[in-house]
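So you know, we letter chains A, B, ... as the sequences are listed, proteins then strands, and number each from 1.
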Number of protein chains: 2
Amino acid sequence: MGEDGYGFELPLLLFAGFRTIVDRLHAELAAQGHPDARPAHGFALQAIGVRGATASEVGRRLGVSKQAAGKTVDRLEALGYVRREDDPADARRKLVLLTPRGLDVLERSAVIFEQIRAEWAEALGVKRVREMEADLRTMVPAAFFRLDVAGWFGA
Amino acid sequence: MGEDGYGFELPLLLFAGFRTIVDRLHAELAAQGHPDARPAHGFALQAIGVRGATASEVGRRLGVSKQAAGKTVDRLEALGYVRREDDPADARRKLVLLTPRGLDVLERSAVIFEQIRAEWAEALGVKRVREMEADLRTMVPAAFFRLDVAGWFGA
DNA sequence: GTAAACTCGACAACGTGGTTGACCAAAACG
DNA sequence: CGTTTTGGTCAACCACGTTGTCGAGTTTAC
């Protein structure tokens, strides 16, 4: 063991940092009219995007099965964040589209994330935050758009 | 939005960094005779510790309900990582104790985490890794350090 | 010393986010 | 054409979490 402490600290700190930000985000979202939004919803809504996507496409973008993506879309639909629409050009496809409410939660999330990052920059210095982001980009495989987030968030 | 990009990047990078390390850990563990080990097991085994603990204590240390902790202990028991033993001093309690196999996976995890951290230090510089850890410690609430680290290997 | 309060472990029901496998209808391809 | 691929859905299952309930055992208060 090195002088820097036990090895599990680094992954634990990374996870704790992530959870700290995500928990803050959802506390803010709850206070801004989105009490039922969950982390997985944000990932899915981003994968859907303003131009819409099919459930299968969402699954591929998130690195999960089309069935899992379909169930997530079901929940988003029940919460009013997306709607489904038949694709006139392909009778198999059902386009998933953001509702105004879905767009709202995405926009608010972006604003809140910016606020949190600004707080980190104020506490640590902009340079240190930028270095942290750059270092993480160096160490993370490029194709990390794959999320597979199950179980990593609290209730 | 600042010039640094969208706010989603920082939490996504933290999560990606965590996942990158944890995925590496479990690939190594699988190659070293622990193919069924999962991330949640590692957290639970740490919470149990070499001196053992009850399911309720594990739940408190991990910040989950005693029922959830009990179910995780069930799985660890089925995998041979822990055993349960009646507490002669308190007929309500059932002590959860690491088996030799449970201790083995903990020890191997510590070694692998050290290797991964050394790789990060080689790629980024020891100073930058230390700064990252220090910065994260600054930004993360102390509640995330509930895991009882002292006495990991009987120390 | 006994009654009340608390704690532990267990059971049940449920929610969320995943997985495979199977299947049909529609599209794409030979 | 017929064959293969693709999109959506249903069903069963798993991992991990939640509340609520409950009996048995231990503490605490009076």
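In this structure, T72(B) reaches the dG17(D) phosphate: one of its side-chain N or O atoms is under 4.0 Å from OP1 or OP2. Of the side-chain N and O atoms in R75(A), one or more sit less than 4.0 angstrom from OP1 or OP2 of dG17(C).
If you take CG of D36(B) and C1' of dT19(C), they are 16 Å apart, rounded to a whole angstrom. L76(B) places its CG atom 9 Å from the P atom of dC16(D), with the value rounded to the nearest Å. Counting to the nearest Å, the C1' atom of dG17(C) and the NE2 atom of H41(A) are 10 Å from each other. In this structure, D23(A) places its CG atom 15 Å from C1' of dG17(D), rounding to the nearest Å. As a whole-Å value, the separation of R19(A) CZ from dG17(D) P is 10 Å. The CZ atom of R38(A) sits 13 Å away from the P atom of dG15(C) (whole-angstrom rounding). Going from atom CG of D87(A) over to atom C1' of dA25(C) covers 15 Å, rounded to whole Å. Straight-line distance from the CG atom of L45(A) to the P atom of dG17(C): 12 Å, rounded to whole Å.
Comment: E57(B) does not engage K66(B) in a salt bridge, judged by the lack of any side-chain N to carboxylate O separation of less than 4.0 angstrom. A salt bridge between E133(B) and R117(B) is present, with a side-chain N of the basic residue lying under 4.0 Å from a carboxylate O of the acidic one. For R108(A) and E28(A), the salt-bridge test fails: no basic side-chain N is under 4.0 Å from an acidic carboxylate O.
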Do any N or O atoms of the protein come closer than 3.5 Å to N or O atoms of nucleotides 7-9 of chain C, and which pairs are they?
residue	atom	partner	partner atom	Å
dT7(C)	O2	R92(B)	NH1	3.0
dC8(C)	OP2	R60(B)	NH1	3.4
dG9(C)	OP1	K94(B)	N	2.8
dG9(C)	OP1	K94(B)	O	3.2
dG9(C)	OP2	S56(B)	N	3.2
dG9(C)	OP2	S56(B)	OG	3.1
dG9(C)	N7	K66(B)	NZ	3.0
dG9(C)	O6	K66(B)	NZ	2.8

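No single ILVMFWY cluster, assembled from side-chain heavy atoms under 4.5 Å apart, contains both L97(B) and I48(B). Linking ILVMFWY side-chain heavy atoms closer than 4.5 Å, directly or via other members, places M139(B) and L10(B) in a single hydrophobic cluster. Two different hydrophobic clusters hold L76(A) and L95(A) under the rule that ILVMFWY side chains link at heavy-atom gaps under 4.5 Å.
Residues S65(A) and P88(A) both approach DNA chain C. Their nearest nucleotides, taken by heavy-atom distance, put S65(A) toward the 5′ side.
Within the 4.0 angstrom heavy-atom criterion, base atoms lie near A68(A).
For R83(A), the salt bridge (Lys or Arg N to Asp or Glu O under 4.0 Å) partners are E85(A), not counting sequence neighbours.
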